[in-house]
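This report concerns only the one structure given below.
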Amino acid sequence: MADITHGHAPQEPSASIGAGVPHPYHLVSPSPWPLLGAFAGGLFATGMVLYMHGSGKLLLILGFLSILGVMFGWWRDVIKEAVVEKAHTPVVKIGLRYGMALFIASEVMFFAAFFWAFFGAALFPKASPTNPDAHWPPPGIEVIDPFHMPLMMTLILLLSGVTVTWAHHAIIEGKMKEASKALGITVLLGVMFTFFQGYEYAHAAFKFTDGIFPSTFYMATGFHGFHVLVGTIFLAVCWIRTNKGHFTPESHFGFEAAAWYWHFVDVVWLFLFISVYWWGGLGGAHGGH
């Protein structure tokens, strides 16, 4: 029967298992990765619970490695769908965009919890034997000067936002060598940020367990640092794919997703710099001590 939408007979599915067929909707081939991913996640979660109770270290490591394996295999298949099988039609790309947008929205809620904890502690500090006047930051906490290392880290991330946008425009214009150069600089800046954050943590005058300020500080900035690491790997993969010729001016959502994620990481850091390092570190609403 003729395809009413396109005016020609629809393609017959390929005989080879796993071969994608272009559709005006997202119909993927049968895949083991969702089931394997569920088992890997469950293994990791079980290992985490046992590890917190003094055992399960091996299970935790096995679960983590299983998740990495599933991520590698699953994303490899998605790249194959796009590059080899040409199964990512315009409608499919819309679905991928919605998926990435919803993922970033969930990450916004994730960080909202950390900001909520920090602002709750900073705006309404509780009096205690070590902090009878309810000062913020609490007495004895030597905060990090926001205009030294944190300011430099801010400039690094802002510059990386410029270079990733440069790479995007280069891809749109078909200048793949220029895009590769811009992406390489972005990845280098991401590595620099991670290095400086590690240096900052190593030289901080407080530890995670030293009270409410250190715990909320490390939770918010540490998880952001983890996101920078993930985004750097994401962009590094895009750099490799750019050099392999996977992206074209018309089809490069893999890069767009990485760029969206990186811009999200940039914006979160600006909020962290202003609220945690600057406002919160210099006394918040309570003028320090």
Side-chain angles (χ1 to χ4, degrees), residues 75 79 82 93 96-97 99-108 110-112 114-115 144-201 220-279 281:
W75 286 330
I79 292 173
K93 291 176 185 176
L96 293 174
R97 282 178 167 80
M100 191 65 195
L102 289 172
F103 169 69
I104 292 176
S106 71
E107 293 290 282
V108 170
F110 185 77
F111 278 100
F114 293 134
F115 281 108
I144 297 171
D145 187 342
F147 297 107
H148 284 174
M149 187 75 75
L151 179 60
M152 182 174 64
M153 293 160 66
T154 302
L155 295 177
I156 288 173
L157 273 190
L158 289 176
L159 181 58
S160 72
V162 173
T163 56
V164 78
T165 303
W166 171 23
H168 192 188
H169 283 279
I171 291 176
I172 292 174
E173 296 169 6
K175 301 175 181 178
M176 296 307 164
K177 288 186 178 180
E178 186 175 315
S180 176
K181 178 182 177 181
L183 265 175
I185 295 173
T186 307
V187 171
L188 179 61
L189 291 169
V191 171
M192 288 174 60
F193 179 92
T194 301
F195 171 80
F196 285 124
Q197 187 170 45
Y199 181 88
E200 177 185 86
Y201 281 4
T221 61
F223 270 91
H224 174 268
F226 172 73
H227 281 71
V228 170
L229 181 61
V230 171
T232 302
I233 296 172
F234 202 171
L235 290 170
V237 171
C238 288
W239 178 75
I240 294 171
R241 293 188 63 193
T242 301
N243 292 328
K244 286 180 173 291
H246 287 185
F247 299 134
T248 66
E250 297 78 23
S251 181
H252 52 270
F253 176 70
F255 168 80
E256 284 185 303
W260 291 0
Y261 187 85
W262 196 251
H263 287 310
F264 159 72
V265 167
D266 283 354
V267 171
V268 170
W269 176 258
L270 290 177
F271 279 101
L272 285 171
F273 176 76
I274 294 171
S275 60
V276 175
Y277 282 98
W278 187 9
W279 179 84

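Keep in mind that what you see is a predicted model, and the values were worked out from it rather than measured.
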Give a yes or no on whether Phe147 atom CZ has more than 12 heavy-atom contacts from other residues, nucleotides or ligands under 6.0 Å away.
yes
Is any side-chain heavy atom of Leu151 less than 4.5 Å from a side-chain heavy atom of Phe273?
yes
Are side-chain heavy atoms of Val228 and His224 found at a separation under 4.5 Å?
yes
Is the shortest side-chain heavy-atom distance between Met192 and Ser160 below 4.5 Å?
no
CG-CD1 distance between Leu159 and Ile185, expressed to the nearest 0.5 angstrom:
8.0 Å
Below 4.5 Å, heavy atoms only, C-beta onward: do Tyr277 and Thr154 meet side chain to side chain?
no
Could you give the distance from NZ (Lys177) to CG (Asn243), rounded to the nearest 0.5 Å?
10.5 Å
Just to verify, what does Phe114 make a ring pair (Phe, Tyr, Trp, His ring centres under 6.0 Å) with, not counting sequence neighbours?
Phe110, Phe223
Using side chain to side chain donor-acceptor pair (under 3.5 Å) as the criterion, list what pairs up with Trp260, not counting sequence neighbours.
none
On a heavy-atom basis, which atom in Met176 and which in Ile171 lie closest, and how many Å separate them?
CE-O, 3.7 Å
Measuring only between side-chain heavy atoms, which start at C-beta, is Pro249 closer than 4.5 Å to Lys175?
no
Taking atom NZ as the centre, does Lys181 end up with more than 12 heavy-atom neighbours from other residues, nucleotides or ligands that are less than 6.0 angstrom away?
no
Derivation and outcome, side chain to side chain contact (heavy atoms under 4.5 Å, CB included), residues Ile144 and Glu200:
CA-CA 9 Å; Ile144 297 171; Glu200 177 185 86; 3.7 Å; yes
Contacts of His246 that satisfy side chain to side chain donor-acceptor pair (under 3.5 Å) - sequence neighbours left out
Arg241
Nearest-0.5 Å distance, OG1 of residue Thr221 to CE of residue Met153:
8.0 Å
Using 30° and 60° as the class boundaries, would you call the ring planes of Phe271 and Phe115 parallel, tilted or perpendicular?
perpendicular
Only counting residues at least two apart or in another chain, list the ones meeting ring pair (Phe, Tyr, Trp, His ring centres under 6.0 Å) with Trp262.
none
CE on Met149 to CD1 on Ile156, rounded to 0.5 Å
9.0 Å
On a heavy-atom basis, which atom in Thr232 and which in Gly190 lie closest, and how many Å separate them?
OG1-CA, 3.6 Å
Mind checking whether Trp269 and Leu158 have side chains closer than 4.5 Å, heavy atoms only?
no
Residues at least two apart in sequence or cross-chain that pass ring pair (Phe, Tyr, Trp, His ring centres under 6.0 Å) with His252, listed by chain then number, are His168
Side chains of Glu256 and Met100 in contact at under 4.5 Å (non-hydrogen atoms):
no
Could you list the residues that satisfy ring pair (Phe, Tyr, Trp, His ring centres under 6.0 Å) with Phe103, not counting sequence neighbours?
none
What heavy-atom pair brings Phe234 and Gly254 nearest, and what distance separates the two atoms?
CE2-O, 3.9 Å
Taking all non-hydrogen atoms of both residues, which atom of Cys238 and which atom of Phe255 are closest, and how far apart?
SG-CA, 3.7 Å
Which pair of heavy atoms, one from Trp239 and one from Gly184, lies closest together, and at what distance?
CD1-N, 3.6 Å
Rounded to the nearest 0.5 Å, what's the gap from CG on Leu189 to CG on Leu235? Could you check?
10.5 Å
Looking only at heavy atoms, the pair that brings Gly161 and Asp266 closest together is CA-OD2, 3.4 Å
